[in-house]
Asks: 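One structure is given below, represented as structure tokens, and several questions about it will come after.
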Amino acid sequence: MTAGRYTDFHNHLMPAVDDGARDASAAEAALDAFRRAGAGQVIATPHLDGSLTRQPGCLAARMAELDAGWGALCGAVAADAQRHASPMRVERGAEVMLDIPDPDLSDPRTRLAGTRFALVEFARLRLPPVNAASAIAFIRRSGWLPVVAHPERYRNLESMDELEALRAAGAFFQVNAGSLLGEYGSTAQRHVMAVLRAGMASYACSDYHATGEPATARAVSLLAEAGFGEQADLLFAVNPGRLLRGDLPLPVPPVARRAASAASWWKRLLGG
Ligand SMILES: [Fe+2]
């Protein structure tokens with residue numbers, strides 16, 4: 001089987017370090033699942049509290065855990081390569097929780113595959129009322145490129161204006177494949193469509209926790225069947241591939257209401 005064309009830079013594949021893969025064999029099974037979902041390149045992104053980056057002792061302790069998890073994942077990747085002609089490319093990253101507005105991302109292990117891109121999320125799935133944009137601006141001023149994970153899942157998100165403020169401060173947005181399928185509920189599903197209608201998302205990833213199957217292939221099919229194959233290709237393949245090379249994303253055209261003719265539920269999502 002050939003390696004897939006999708007690059008997934010948000011998942012919890014690294015074993016025994018967070019709420020993702022529980023051990024190396026689960027990570028190996030997850031690599032198989034990624035292969036079935038069409039991914040050929042993966043950046044593993046275990047949870048990391050941003051506040052730890054300002055506490056050297058705590059950061060060293062957490063990084064020791066992640067170093068061990070990365071070693072175990074490399075073992076799973078080697079075992080995977082023994083079984084497949086086209087091995088998965090697996091790189092190291094982190095999902096940094098912005099529990100402080102000024103994380104220190106100078107350690108390359110806090111960023112995505114050593115690039116200038118960093119995957120960040122706000123704490124407790126809520127956008128901070130006052131300093132969300134300033135946190136993004138701080139990261140940009142520090143020389144890094146913040147990618148905000150799953151903006152559609154923030155429970156207090158009320159309008160796209162809030163995301164526009166983050167984008168103006170320098171954020172890129174990564175939506176979850178499962179949000180398109182309704183896996184996080186109807187509000188997140190409605191919000192992800194609003195984000196795509198606004199043309200604000202640059203990337204889509206699985207946020208796979210090594211349980212069940214990644215939503216990647218099903219989300220791509222849904223978009224393609226509804227007439228948004230170009231957007232699906234940019235979100236899941238082209239732009240994540242560019243990120244892995246350190247390049248900025250290409251613009252993703254807004255998902256336009258007029259193209260939604262395939263299914264009534266899809267038209268409802270689009271507000272048609
Ligand atoms: Fe995540």
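When a ligand or atom number is given, it counts from 1 through the structure's own listing order. None of the values given here were measured: they were computed from a predicted structure. Atom set for the values below is all heavy atoms of this structure, side chains included, hydrogens, waters and symmetry mates excluded.
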Asks: Should Leu244 and Gln41 count as side-chain neighbours, where that means a heavy-atom distance under 4.5 Å?
Replies: yes

Asks: Might you confirm whether atom CZ of Arg22 has over 12 heavy atoms from other residues, nucleotides or ligands at distances under 6.0 Å?
Replies: no

Asks: State, to the nearest 10 degrees, the angle whose vertex is the Fe ion (ligand 1) and whose arms point to OD1 of Asp207 and NE2 of His12.
Replies: 90°

Asks: With a 4.5 Å cut-off on side-chain heavy atoms, are Asp80 and His84 touching?
Replies: yes

Asks: With Gln174, which of His150, His10, Glu121 fulfils side-chain hydrogen bond (donor to acceptor under 3.5 Å, both in side chains)?
Replies: His10

Asks: Report whether any nitrogen, oxygen or sulfur of His209 sits less than 2.8 Å from the Fe ion (ligand 1) (N, O or S, backbone or side chain).
Replies: no

Asks: Quick check: does Glu95 have an N/O/S atom under 2.8 Å of the Fe ion (ligand 1)?
Replies: yes

